[in-house]
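One structure coming up, written as structure tokens, with questions to follow.
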Amino acid sequence: IFQIRLRFGKSSVAQNFPGIYTLPIAMNIEATLDNFFKFLKFVQASGSLETGVRLMAIHSIQINFLENGENIQSPGQKIDFTVEMSAYHQTPKVER
């Protein structure tokens, strides 16, 4: 996997979850088809081992095939994809 571009948005409070914030992320990635699926599994499995709460969510994926159009010849064929996603985090309250 080769990350071409990474862009973070402004963090904001998640709807219906006080104390939880969402951070918008956009990234362009070049990877083989195998690694594309590994990336999706990584996002799906992100989070706490105890509760199973997911810490990242994908909102959209745009796939641009680099070689031979949409014809996938092998799992090692490279594709370029853009992902719009969110990461969730909790910010501790600090008294000043």
Side-chain angles (χ1 to χ4, degrees):
I1 291 179
F2 179 70
Q3 185 176 29
I4 299 168
R5 185 178 63 179
L6 176 64
R7 186 180 67 231
F8 294 99
K10 184 178 180 182
S11 185
S12 61
V13 176
Q15 276 186 322
N16 301 323
F17 297 102
I20 304 295
Y21 294 81
T22 181
L23 176 66
I25 302 169
M27 61 177 76
N28 290 64
I29 299 171
E30 182 181 300
T32 62
L33 186 60
D34 281 344
N35 285 334
F36 170 70
F37 287 117
K38 286 178 186 177
F39 172 79
L40 295 179
K41 287 180 183 178
F42 171 77
V43 171
Q44 181 181 14
S46 67
S48 171
L49 297 174
E50 294 82 29
T51 64
V53 175
R54 189 179 305 166
L55 295 180
M56 293 185 281
I58 294 176
H59 303 295
S60 70
I61 300 173
Q62 177 182 332
I63 299 176
N64 305 306
F65 295 92
L66 301 176
E67 305 165 0
N68 303 323
E70 295 180 15
N71 298 322
I72 301 294
Q73 304 297 323
S74 72
Q77 181 175 338
K78 290 184 181 177
I79 57 173
D80 176 73
F81 58 100
T82 303
V83 179
E84 299 282 337
M85 58 190 292
S86 291
Y88 300 98
H89 64 94
Q90 204 171 16
T91 303
K93 294 180 181 179
V94 178
E95 291 188 33
R96 296 179 188 203

Checklist line | Distance in Å, Phe2 CZ paired with Asp80 CG, rounded so as to fall on 0.5 Å steps | finding: 10.5 Å

Next item on the list: Check whether Leu23 and Ile58 end up in the same hydrophobic cluster, where Ile, Leu, Val, Met, Phe, Trp and Tyr are linked by side-chain heavy atoms less than 4.5 Å apart.
Entry: yes

Next item on the list: Could you state whether Leu6 and Ile63 fall into the same hydrophobic cluster, counting links through intermediate Ile, Leu, Val, Met, Phe, Trp or Tyr residues with side-chain heavy atoms under 4.5 angstrom apart?
Entry: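 Result: yes, single cluster for both.
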
Notebook entry, point to check: Hey, quick one: are Tyr88 and Val13 part of the same hydrophobic cluster, counting side-chain heavy atoms closer than 4.5 Å, chains of contacts allowed?
Noted result: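 Hydrophobic grouping puts Tyr88 apart from Val13.
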
Check: If you look at every heavy atom in Met56 and Ser46, which pair is closest and at what distance?
Finding: N-OG, 3.2 Å

Check: Partners of His59 by ring-ring contact (aromatic ring centres under 6.0 Å, His included), sequence neighbours excluded?
Finding: none

Next item on the list: Apply ring-ring contact (aromatic ring centres under 6.0 Å, His included) to Phe81 and list each qualifying residue two or more places apart in sequence or on a separate chain.
Entry: Phe36, Phe39

Notebook entry, point to check: Partners of Arg5 by side-chain hydrogen bond (donor to acceptor under 3.5 Å, both in side chains), sequence neighbours excluded?
Noted result: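 In terms of side-chain hydrogen bond (donor to acceptor under 3.5 Å, both in side chains), with neighbours along the sequence ignored, Arg5 is linked to Asn28.
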
Notebook entry, point to check: Between Val83 and Val43, is any pair of side-chain heavy atoms under 4.5 Å apart?
Noted result: no

Item checked: For Gln3, all residues meeting side-chain hydrogen bond (donor to acceptor under 3.5 Å, both in side chains), sequence neighbours excluded ->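 side-chain hydrogen bond (donor to acceptor under 3.5 Å, both in side chains) list for Gln3, sorted by chain: empty.
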
Next item on the list: Grab the two heavy atoms, one from Ser11 and one from His89, that are nearest each other, plus how far apart they are.
Entry: OG-NE2, 2.9 Å

List the atom pairs, with distances to 0.1 Å, where a side-chain N or O of residues 15-22 and a protein N or O form a donor-acceptor pair under 3.5 Å, not counting sequence neighbours.
from  : atom 1 : to    : atom 2 : distance (Å)
Thr22 : OG1    : Ser86 : OG     : 3.4

Check: Could you give the distance from CG (Asn64) to CD (Glu30), rounded to the nearest 0.5 Å?
Finding: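 Taking CG in Asn64 and CD in Glu30, the distance rounds to 11.0 Å.
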
Checklist line | Pairing residues for Phe42 by the ring-ring contact (aromatic ring centres under 6.0 Å, His included) criterion, not counting sequence neighbours | finding: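 In terms of ring-ring contact (aromatic ring centres under 6.0 Å, His included), with neighbours along the sequence ignored, Phe42 is linked to no residue.
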
Notebook entry, point to check: Should Leu33 and Ile4 be counted in the same cluster of Ile, Leu, Val, Met, Phe, Trp and Tyr side chains packed under 4.5 Å apart?
Noted result: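 No, it is not one cluster - the side chains of Leu33 and Ile4 are not joined through contacts under 4.5 Å.
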
